[in-house]
Amino acid sequence: METAKSFIHMNNLKGQIVTQLTLDDDFNVPDINADIEKYITKDALVHIESVKASEGRVNIRGRMDFKILYGCSSDKKIIHSMGNSIPFDEIINGDKIGNNDVVNVKCTIDDLNIGIINTRKISVKAVLTLNVSAEQVHDIEAVEEIPEDDSVNYLRRKEQIMQIVVNKKDTYRIREDIELSANKPNISEILWSTVALNNISTRLYPEKVGVSGELMLFMLYDDEEEDTPVQWMEASVPFDGSIDVSGCDEDMLGDIETSISSVNVNIKPDYDGEQRMVELEVVLELAMRVYKEDEVSILSDVYSLKNELTPVYQELSYSTLVTKNISKCKINDKLRLDKDSGHVLQLLSAQGAACIEDVFVEDKGLRVEGIVKMKIMYVSSDDKMPLNIADEVVPFSHLIEAQGVTEQSMSFIRPSLEQISTVMSGNNEIEVKCSAVLDTLVLDNKSSKFIKEVQSVPFDLKKLQNIPSMAGYVVKERDTLWEIAKRYCTTIQSIMKINEMKSENINKGDMLVIIKETP
């Protein structure tokens, strides 16, 4: 029969696959570089270039860009760097992956090992973890009412449903020209640079997503004079902007993961033509999921006084909000640096990135176990190699308040760092202080039935005649006024009027007078 329908926009997580990929390759030192005498530090960034889903599998192509910093005391330039890329092309099988699914891929570097084969050759081994999620975006048609039939009675229920409004990736580009301080010499060559992303904050606006934070640049360079020590600089670049996102609004809830997609650091002449400017260009990738929490009226049951109606049900899976909050974890730890690199004479800079390693459900919320991966740049007492960078790890544990969270809940925790400071606290001992900001969204998966169509046939007259025209009824346990009215071919309003009831509440043992309403 003809029905009026409403649409519910859903985004169901069909499945999640976590797998590891090993990259292994050897690389020769470029001819223009000096021999490798001492390894100092490394850095790497993974780029996902394409994700193609087909029935039962997904093809992921990308590359890992890496670079290493090393020393050679026998060369005029004691600090050198080299880098390269390792491509990968991986097929991941998954029974629940479909052609039209939205497939999201998150890749993290779990382990990166640089081995020195000889002074002119290195081996690079990396373990990447690929987290693949397949989601189905679809509109569900649910019966709202049966038009032009006043005899139809409806039983509705209210559900709080998190409807997905935005599920996309976009980029935000940051360009900044940084001038050397007056006491620094001109730049001849950039030897090494790292950029960290701190104090990340995102906010939803009408048709926009705002993003703000701070880029921390550390750079080693050679100046234009010969036989001078390696120079260094650090700079903080705050940013605050927005990207256009259709359908977004400020009263919605966002799960936005921000990461560095690419970094370019180049020398640029200043207004006097001297090499005293650094051109920094960083592209941030924002993986955005924006939800709208709606109270949806869902039709649970239906009957008519003119015809016999049979509702056809379908299972509805949906998400509901458990909590959305931002919490801070203060981290304070002491690190002891390797004495083989000499005694620490001066701390130059420190950068870090917070990583979530495990999440447990506790009575009051979510217990988060994580680490801060740090790079500490310092000057040591080693005359041959005074500049060093130490890669260190600082663990942390924090309880995120999330009342009502269960083992079946889905948690999305986006960590960022703020207020990193390092001070000398002893012989090669460094005290590290920072705060990890945990932007958390927790959802629950629920399911219930809704009516997708209604079938109508004429009343069975024999069945109708067996219903008494007037009856006295004693309420039983778990009875509802809806069930009684439907059983005796009447309406809730009629029962309430005859029995002078002020509400639909009934209790076991109540006496009701019921009069059938003849079609």
### Task
Begin with the C-alpha distance, continue with both residues' side-chain angles, and end with the deciding distance and a verdict on side chain to side chain donor-acceptor pair (under 3.5 Å) for Asp444 and Thr320.
CA-CA 5 Å; Asp444 261 349; Thr320 60; 4.8 Å; no

### Message
Taking the basic N atoms (NZ, or NE/NH1/NH2) and the acidic carboxylate oxygens, is any pair closer than 4.0 Å for Glu159 and Arg157?
### Response
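Here Glu159 pairs with Arg157 in a salt bridge, since their nearest N and O are under 4.0 Å apart.
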
### Residues Arg414 and Glu257 bridged, charged N to O under 4.0 Å
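A salt bridge is present here (some side-chain N lies under 4.0 Å from a carboxylate O).
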
Is there a side-chain contact between [X] and [Y] (heavy atoms, below 4.5 Å)?
X: Leu481; Y: Met501; answer: yes
X: Leu215; Y: Ile174; answer: yes
X: Val282; Y: Ile260; answer: yes
X: Thr310; Y: Val454; answer: no
X: Arg175; Y: Val237; answer: no
X: Leu253; Y: Val290; answer: no
X: Val105; Y: Asn131; answer: no
X: Gln314; Y: Phe450; answer: yes

### Enclosure of Asp249 CG (heavy-atom neighbours >12, cutoff 6.0 Å)
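Correct, the count exceeds 12.
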
### Message
For Tyr291 and Gln163: C-alpha separation, side-chain torsions, deciding distance, then whether side chain to side chain donor-acceptor pair (under 3.5 Å) applies.
### Response
CA-CA 6 Å; Tyr291 298 88; Gln163 297 194 61; over 6 Å; no

### Task
Scan for salt bridge (charged side-chain N to carboxylate O under 4.0 Å, His left out) pairs involving residues 358-377, sequence neighbours excluded, and state none if there are none.
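For residues 358-377: Glu362-Arg367, Lys375-Asp391.
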
### Task
May I ask you to check whether Tyr303 and Trp482 place their ring centers less than 6.0 Å from one another?
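Centroid distance Tyr303-Trp482: below 6.0 Å, so yes.
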
Quick one: does any side-chain atom of [X] pair with a main-chain N or O of [Y] as donor and acceptor, under 3.5 Å?
X: Gln351; Y: Met216; value: yes
X: Asn499; Y: Ile495; value: yes
X: Lys497; Y: Ile492; value: no
X: His47; Y: Ser261; value: yes
X: Asn153; Y: Ser151; value: yes
X: Ser494; Y: Thr491; value: no
X: Tyr313; Y: Ser300; value: yes
X: Thr406; Y: Gln408; value: yes
X: Lys292; Y: Ile161; value: no

### Task
Would you list the pairs meeting side-chain hydrogen bond (donor to acceptor under 3.5 Å, both in side chains) in which at least one residue belongs to residues 200-213, sequence neighbours left out?
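Only Lys208-Asp244 qualify under side-chain hydrogen bond (donor to acceptor under 3.5 Å, both in side chains).
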
Distance in Å, [X] [atom1] paired with [Y] [atom2], rounded so as to fall on 0.5 Å steps:
X: Asp170; Y: Lys168; atom1: CG; atom2: NZ; result: 4.5 Å
X: Thr129; Y: Gln20; atom1: OG1; atom2: CD; result: 4.0 Å
X: Leu197; Y: Ser259; atom1: CG; atom2: OG; result: 8.5 Å
X: Cys107; Y: Leu21; atom1: SG; atom2: CG; result: 7.5 Å
X: Met219; Y: Met377; atom1: CE; atom2: CE; result: 12.5 Å
X: Lys486; Y: Ser304; atom1: NZ; atom2: OG; result: 11.5 Å

Identify the heavy atoms of [X] and [Y] that sit nearest to each other, and give their distance.
X: Cys329; Y: Phe396; result: SG-CD1, 4.0 Å
X: Phe218; Y: Ser349; result: CD1-CB, 3.6 Å
X: Ala53; Y: Val103; result: CB-CG2, 3.6 Å
X: Leu443; Y: Val322; result: C-CG2, 4.0 Å
X: Pro311; Y: Leu309; result: CD-O, 3.7 Å
X: Ala354; Y: Pro415; result: O-CG, 3.6 Å

### Message
Can you list everything that forms a side-chain contact (heavy atoms from CB on, under 4.5 Å) with Ala44? Sequence neighbours excluded, please.
### Response
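side-chain contact (heavy atoms from CB on, under 4.5 Å) check on Ala44 returns Met64, Phe66, Ile109, Leu112.
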
Examine the side chains of [X] and [Y] and answer whether a donor and an acceptor come within less than 3.5 Å of each other.
X: Glu418; Y: Asn198; result: no
X: Glu285; Y: Thr171; result: no
X: Ser50; Y: Arg61; result: no

### Task
Please assess Ile451 against Val312 for the test side-chain contact (heavy atoms from CB on, under 4.5 Å), listing each intermediate value before the final yes or no.
CA-CA 6 Å; Ile451 298 174; Val312 179; 5.9 Å; no

### Query
Are Asn93 and Val58 close enough, and set up right, to give a side-chain contact (heavy atoms from CB on, under 4.5 Å), and what steps lead you there?
CA-CA 7 Å; Asn93 296 314; Val58 60; over 6 Å; no

### Message
Does Arg289 form a side-chain contact (heavy atoms from CB on, under 4.5 Å) with Asn104? I'd like the steps, not just the answer.
### Response
CA-CA 11 Å; Arg289 297 164 60 91; Asn104 293 309; 4.2 Å; yes

### Task
State whether Phe88 and Arg63 meet the cation-pi test: NZ (Lys) or CZ (Arg) under 6.0 Å from the six-membered ring centroid, and within 45° of the perpendicular axis.
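Arg63 over Phe88 ring: no.
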
#### Entry: With Thr19 via side chain to side chain donor-acceptor pair (under 3.5 Å) - residues at least two apart
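Residues passing side chain to side chain donor-acceptor pair (under 3.5 Å) with Thr19: none at all.
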
### Task
Identify which one of Asp255, Val165, Thr258, Val245 satisfies the side-chain contact (heavy atoms from CB on, under 4.5 Å) criterion when paired with Met288.
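For Met288, the side-chain contact (heavy atoms from CB on, under 4.5 Å) test succeeds with only one of Asp255, Val165, Thr258, Val245, which is Val245.
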
### Query
Yes or no on side chain to side chain donor-acceptor pair (under 3.5 Å) for Thr194 and Asp43, after CA distance, side-chain angles and deciding distance?
CA-CA 8 Å; Thr194 56; Asp43 201 8; 5.8 Å; no

### Query
Taking it one step at a time, do Asn59 and Glu90 satisfy side chain to side chain donor-acceptor pair (under 3.5 Å)?
CA-CA 6 Å; Asn59 181 219; Glu90 189 77 1; over 6 Å; no

### Query
Partners of Glu401 by salt bridge (Lys or Arg N to Asp or Glu O under 4.0 Å), sequence neighbours excluded?
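Partners of Glu401 by the salt bridge (Lys or Arg N to Asp or Glu O under 4.0 Å) criterion come out as none, since no residue qualifies.
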
Determine all donor-acceptor pairs shorter than 3.5 Å in which one atom belongs to a side chain in residues 434-442; sequence neighbours excluded.
unit_1, atom_1, unit_2, atom_2, d
Asp439, OD1, Lys324, NZ, 2.8

### Task
Evaluate the criterion side-chain contact (heavy atoms from CB on, under 4.5 Å) for residue pair Lys184 and Trp232; output intermediate values, then yes/no.
CA-CA 9 Å; Lys184 292 288 185 180; Trp232 65 275; 3.9 Å; yes

